[in-house]
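Comments concern the structure below.
Throughout, protein chains are lettered first and strands after them, A, B, ... in sequence-line order, and every chain is numbered starting at 1. We use all heavy atoms of the structure for the numbers below, so side chains are in, but hydrogens, waters and symmetry mates are not.
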Number of protein chains: 2
Amino acid sequence: MNEGTRVDMAGDDVCKTVCVHKEAVDAVKQCMVGDNTLRELAELFKVLSDHTRIRILHALLHAELCVCDLVDVLDMNQSAVSHQLRVLRTAKVVKYRKEGRNVYYSLDDDHIFSLLRDGMDHVME
Amino acid sequence: MNEGTRVDMAGDDVCKTVCVHKEAVDAVKQCMVGDNTLRELAELFKVLSDHTRIRILHALLHAELCVCDLVDVLDMNQSAVSHQLRVLRTAKVVKYRKEGRNVYYSLDDDHIFSLLRDGMDHVME
DNA sequence: TGAATGTATGAATAGGTGTTCATATGAATG
DNA sequence: CATTCATATGAACACCTATTCATACATTCA
């Protein structure tokens, strides 16, 4: 069929920009994973994209801590910390364990370690 | 009365929550990297936390593409794509190369690969 | 049981962010 | 030079999010 840089089949080139490298674009479209997966991925990064939550995770990198420990480490409102812990919990980025009236938090799995480390590498280079 | 779990030196425990595990908390505080670094880390993740930007990066994972290629792949406004490319550029997550009137984008370095892969691993588990 | 304490949560609010629209820039082409 | 086309950018608006305040829940202890 047509070769080169033309797109005229789908009728969705509403705008005039038509410089597409068809082969490359088609190849990329093939490789694209499901949109839901990419949505979840963005969601995961969103969970890691807050200063407070990053500080929580960085603290948990070194030890399991209860909420009031975190309140002390971060020097923040208990409410604010709890709210952010909820976000981390919901995203399964941390796990928790109740003991008496305390709740102890820790990182959920090793992927989180890797993510934080890779992120650090990029930031510090 | 209570031993070991006291904090009364710094005077900043304005709220009544005082169940802190002092040793653990102090150890964690020792290990904490500079706040600016953590801020940059959160900033990096924030750049990765948008659906459109993740789709762009996932596309660039497979090939260098120009803006209008991305417009086609994502089926989006050229303006929206350009805006997001700017965010990625500014964060040094992608690099670009001008050739004629086209601008070709690609991932900046391997850390980005690692981040995306680790993120995928976590999402797909 | 009631008081004290650790944690969670709903509502409100201020600040941030992504998309769209309109327009600018800048390189190629005739 | 004027035009065309690829890309960038500023402003506006709607949506989302993090913190605070107040309060609820749950567990321990007297």
Side-chain angles (χ1 to χ4, degrees), chain A residues 5-7 13-21 25 38-39 42-43 45-56 64-91 94-105, chain B residues 1-2 5-7 13-21 25 38-39 42-43 45-56 64-91 94-105:
Chain A
T5 65
R6 187 78 45 65
V7 247
D13 58 64
V14 255
C15 59
K16 17 194 164 172
T17 302
V18 196
C19 87
V20 188
H21 305 74
V25 168
L38 293 183
R39 218 172 277 276
E43 209 60 41
F45 284 129
K46 187 171 298 172
V47 167
L48 305 178
S49 75
D50 176 73
H51 182 224
T52 298
R53 290 195 291 268
I54 279 290
R55 284 168 74 212
I56 292 177
E64 180 194 59
L65 296 172
C66 73
V67 177
C68 54
D69 290 340
L70 287 167
V71 167
D72 185 282
V73 169
L74 304 186
D75 191 25
M76 282 185 72
N77 228 318
Q78 178 268 321
S79 182
V81 174
S82 264
H83 275 296
Q84 299 309 330
L85 282 171
R86 188 158 113 86
V87 175
L88 293 170
R89 239 165 45 213
T90 304
V94 301
K95 58 191 172 193
Y96 63 101
R97 154 179 89 79
K98 299 187 182 180
E99 188 177 316
R101 45 191 162 192
N102 290 330
V103 179
Y104 293 86
Y105 284 87
Chain B
M1 287 190 97
N2 58 13
T5 65
R6 181 88 42 69
V7 249
D13 56 70
V14 255
C15 59
K16 16 193 163 173
T17 302
V18 196
C19 86
V20 187
H21 305 75
V25 168
L38 293 182
R39 218 172 277 275
E43 208 60 40
F45 284 129
K46 186 171 298 173
V47 168
L48 306 178
S49 74
D50 175 74
H51 181 224
T52 299
R53 289 194 292 268
I54 280 290
R55 286 167 75 212
I56 291 177
E64 180 194 59
L65 296 172
C66 73
V67 178
C68 55
D69 290 339
L70 287 167
V71 167
D72 185 280
V73 169
L74 305 185
D75 192 25
M76 282 184 72
N77 228 322
Q78 178 267 322
S79 181
V81 173
S82 263
H83 274 296
Q84 299 310 332
L85 282 171
R86 187 157 114 87
V87 174
L88 294 170
R89 240 165 43 214
T90 303
V94 301
K95 59 190 172 193
Y96 62 101
R97 156 178 88 78
K98 299 188 182 180
E99 187 177 315
R101 45 192 161 189
N102 290 329
V103 180
Y104 292 86
Y105 284 87

Residues that A:Ala42 engages under side chain to side chain contact (heavy atoms under 4.5 Å, CB included), provided they are two or more places apart: B:Ile54
Which residues share a side chain to side chain contact (heavy atoms under 4.5 Å, CB included) with B:Val87, sequence neighbours left out: B:Val47, B:Arg53, B:Gln84
Value in whole Å for how far the P atom of C:dT9 lies from CG of A:Leu85: 11 Å
Partners meeting side chain to side chain contact (heavy atoms under 4.5 Å, CB included) with A:Glu64 (sequence neighbours left out): A:Arg97, A:Tyr104, A:Ser106
Value in whole Å for how far the C1' atom of D:dC16 lies from CZ of A:Phe45: 20 Å
Set out, line by line, the N/O atom pairs under 3.5 Å between protein and nucleotides 14-19 of chain C.
unit_1, atom_1, unit_2, atom_2, d
C:dG18, OP1, B:Arg53, NH1, 3.1
C:dG18, OP1, B:Arg53, NH2, 2.7
C:dG18, OP2, B:Arg53, NH1, 3.4
C:dT19, OP1, B:Thr52, OG1, 2.7
C:dT19, OP2, B:Gln84, NE2, 2.8

B/S/- contact track for nucleotides 22-30 of chain C, protein heavy atom under 4.0 Å: B----SSS-
Test log, rule side chain to side chain contact (heavy atoms under 4.5 Å, CB included), inputs A:Leu85 and A:Ile56: CA-CA 8 Å; A:Leu85 282 171; A:Ile56 292 177; 4.0 Å; yes
B:Lys95 NZ to B:Tyr105 OH distance, which is reported to the nearest 0.5 Å: 13.5 Å
Under-4.0 Å side-chain N/O to phosphate OP1/OP2 contact, A:Arg89 with C:dT9: yes
Partner set under side chain to side chain contact (heavy atoms under 4.5 Å, CB included) for A:Val25, not counting sequence neighbours: A:Val20, A:Lys29, B:Asp69, B:Asp72, B:Val73
side-chain hydrogen bond (donor to acceptor under 3.5 Å, both in side chains) involving A:Ser49 - partner list, sequence neighbours excluded: none
Spacing of A:Leu48 atom CG relative to D:dA18 atom C1', expressed in whole Å: 16 Å
Nearest-0.5 Å distance that lies between atom CE in A:Met76 and atom CG in A:Leu70: 11.0 Å
Between the first and last five pairs of the helix from C:dT1-D:dA30 to C:dG30-D:dC1, the angle of the axes, rounded to 10 degrees: 20°
Short side-chain to backbone donor-acceptor contact, A:Arg55 and A:Leu74, under 3.5 Å: yes
Partners passing side-chain hydrogen bond (donor to acceptor under 3.5 Å, both in side chains) against B:Ser82 (at least two apart in sequence or in another chain): B:Gln78
For atom CG of A:Leu70 and atom P of D:dT19, their distance in whole Å: 14 Å
Between D:dC5 (C1') and B:Asn102 (CG): distance, integer Å: 9 Å
Sugar-phosphate, base or nothing in reach of B:Tyr105, heavy atoms under 4.0 Å: sugar-phosphate
Partners meeting side-chain hydrogen bond (donor to acceptor under 3.5 Å, both in side chains) with B:Arg101 (sequence neighbours left out): none
Whole-Å gap separating C1' (D:dA11) and CZ (B:Arg86): 13 Å
